[in-house]
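Single-structure report; data block below.
Since this is a predicted model, take the numbers as computed values, not measurements. All ligand and atom numbering here is 1-based and tracks the order in the structure. The first residue in the sequence is number 1, and the count goes up from there.
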Amino acid sequence: MSGVPAVLNGDRLLRRFYTLADAARGRGLSRRVLEDLEFHDGCTITLDGAKLLNLTSCSYLGLNTDERLKEGAIDAVQRFGTCYSSSPAYSALPMYRELTEAFEDITGSSVLLAPTTTLAHLAALPLLARPRDAVVVDAHAHASVQTALEHVRSAGIPVHTAPHGDTVKLREMVDRVVAETRNRVWYVADGVYSMQGDLAPLAFLNEILDEYPSLHAYIDDAHGFSWTGRHGRGPALEALGTHDRVVVAFGLAKSFGTTGGVIASANRELVDLIELCGGPLSFGGPVPPAVLGASMASAQIHLSDEHHELSRELIARILAVNEECRHLGIPLASEDLAPIRFVPVGSTERMFTIVEAMKRDGFYVNGAMFPIVPQGHEGVRFTVGLNVEQIDMFTMLERLAVHVRATSESDVVIDLTESARLEKHQPRKPSALP
Ligand SMILES: Cc1ncc(COP(=O)(O)O)c(C=O)c1O
């Protein structure tokens with residue numbers, strides 16, 4: 001572990017961020033480079049000489065190692081080279097149009113391609129939220145959304161943070177902000193939250209969009225896209241896609257098995273505005289040929305009957321994992337239908353202990369700590385995907401249950417120590433301790 005750089009003096013939050021990130025790196029739990037030098041099978045990874053089952057992949061349908069996607073990428077590179085070096089604002093390869101049309105078929109919306117979801121947010125949000133508008137953002141919205149909203153804030157547009165998962169408070173806030181805003185109010189949220197795997201309250205959003213004519217919604221559905229809904233268009237488009245006051249951004253680097261971002265909306269005018277004036281998309285480089293080729297192959301799978309089968313299998317797997325966690329007594333932050341599961345453990349040290357123990361047992365899971373989650377909400381995160389056999393997944397859950405139990409027992413020891421300390425002030429017989 002290294003010392004905190006002096007440039008961070010006076011910035012308490014960033015110092016804490018640095019200290020924790022440095023500790024995770026020091027314990028070998030983050031910023032790792034795989035030791036699989038020749039080949040990645042999509043299911044296991046090698047770290048510190050040990051082969052581990054990888055429970056952190058967001059390629060939920062297992063498409064990242066699909067031969068058809070690899071061939072699509074290779075074919076595109078053979079035909080068009082490694083990079084068509086021009087901003088798409090000037091000119092783009094024909095696959096740009098072909099892929100855009102494929103996404104229009106998948107989503108039933110107007111769409112726009114971006115090299116990443118983050119760039120899509122940076123292009124879209126500062127254009128969609130105009131002076132005299134206001135924004136209400138869910139407190140757990142992804143960091144990429146929050147970064148784009150910094151640009152909105154710096155344009156003098158008010159950005160209010162709504163508490164996560166509380167529709168009563170959200171309605172009160174929307175009601176108040178709509179009343180005090182002269183123009184539009186944008187509600188910004190994730191479709192599937194990337195840490196706790198819970199869903200935005202989409203039915204409720206439909207209700208309030210009907211109720212408040214000035215309310216608009218911008219949803220980041222990076223983790224919802226591709227594995228559920230018609231052709232995999234995701235829960236946000238499935239629930240709100242026909243609404244012309246809704247814009248959905250989704251990512252291709254998760255379940256879709258490639259990389260990149262897409263903006264989709266039933267409102268062609270809004271998509272057009274972002275295409276013509278979205279800074280990072282006009283002044284930056286294109287999606288590279290390899291990604292366009294792999295994405296075309298993935299889009300064709302999404303538009304085929306095969307996708308229906310893959311989606312059905314994954315959903316059955318998620319339900320089975322929820323059931324098994326209940327059976328084993330593993331507490332989940334959410335049982336919403338999503339391929340991300342989060343076990344709250346409440347402290348960074350306990351999270352480290354569990355992730356390390358899982359690694360010793362041959363399982364690679366993620367730890368989540370500040371600032372990814374608020375302090376006190378640390379947890380262990382794992383994903384459910386078709387790359388991993390269900391039987392191996394269940395073996396992993398058995399080990400996780402053991403370590404969650406073992407560390408909660410050591411928490412009790414801490415509680416007893418705490419009680420003992422208190423006892424000095426209020427003497428009690430040890431037998432009276434819980
Ligand atoms: C919810 C969410 N949005 C956006 C992103 C960023 O995606 P990209 O890498 O395509 O910019 C991520 C990445 O992890 C994410 O989880």
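The protein heavy-atom contact nearest to atom 11 (O) of ligand 1 is Thr118 OG1, 2.6 Å. The protein heavy atom nearest to atom 14 (O) of ligand 1 is Lys254 NZ, 2.6 Å. In terms of protein heavy-atom proximity, atom 16 (O) of ligand 1 is closest to His223 NE2, 2.8 Å. Nearest protein heavy-atom contact of atom 15 (C) of ligand 1 is His142 NE2, 3.2 Å.
Between the Arg245 side chain and the Leu215 main chain, a donor and an acceptor come within less than 3.5 Å of each other. For the pair Ser87 (side chain) and Gly285 (backbone), a donor-acceptor distance under 3.5 Å is absent. When atom types are taken as modelled, the side chain of Asn206 and the backbone of Ala239 share a donor-acceptor pair closer than 3.5 angstrom.
The residue from Leu122, Asp220, Val192 that puts a heavy atom closest to atom 1 (C) of ligand 1 is Asp220.
Taking the six-membered ring for Trp and the full ring otherwise, Tyr187 and Tyr212 have centroids separated by 6.0 Å or more. In this structure, the ring of His302 has its center less than 6.0 angstrom from the ring center of His307.
For the pair Asp190 and ligand 1, the shortest N or O to N or O distance does not fall below 3.5 Å. Checked against a 3.5 angstrom limit, the closest N/O atoms of His121 and ligand 1 fall outside it.
Between Phe225 and Phe250, the ring planes are parallel. Angles under 30° get that label, and only those over 60° would be called perpendicular.
Counting heavy atoms under 4.0 Å from ligand 1, residue Ala222 touches it through the side chain alone.
Less than 4.0 angstrom separates atom 9 (O) of ligand 1 from none of the non-hydrogen atoms of the protein.
The distance from ligand 1 to the heavy atoms of Ser144 drops below 4.0 Å at these ligand atoms: 3 (N), 4 (C), 5 (C).
Ionic pairing of Glu324 and Arg341 is not present here: no N-O contact between side-chain nitrogen and carboxylate oxygen is shorter than 4.0 angstrom.
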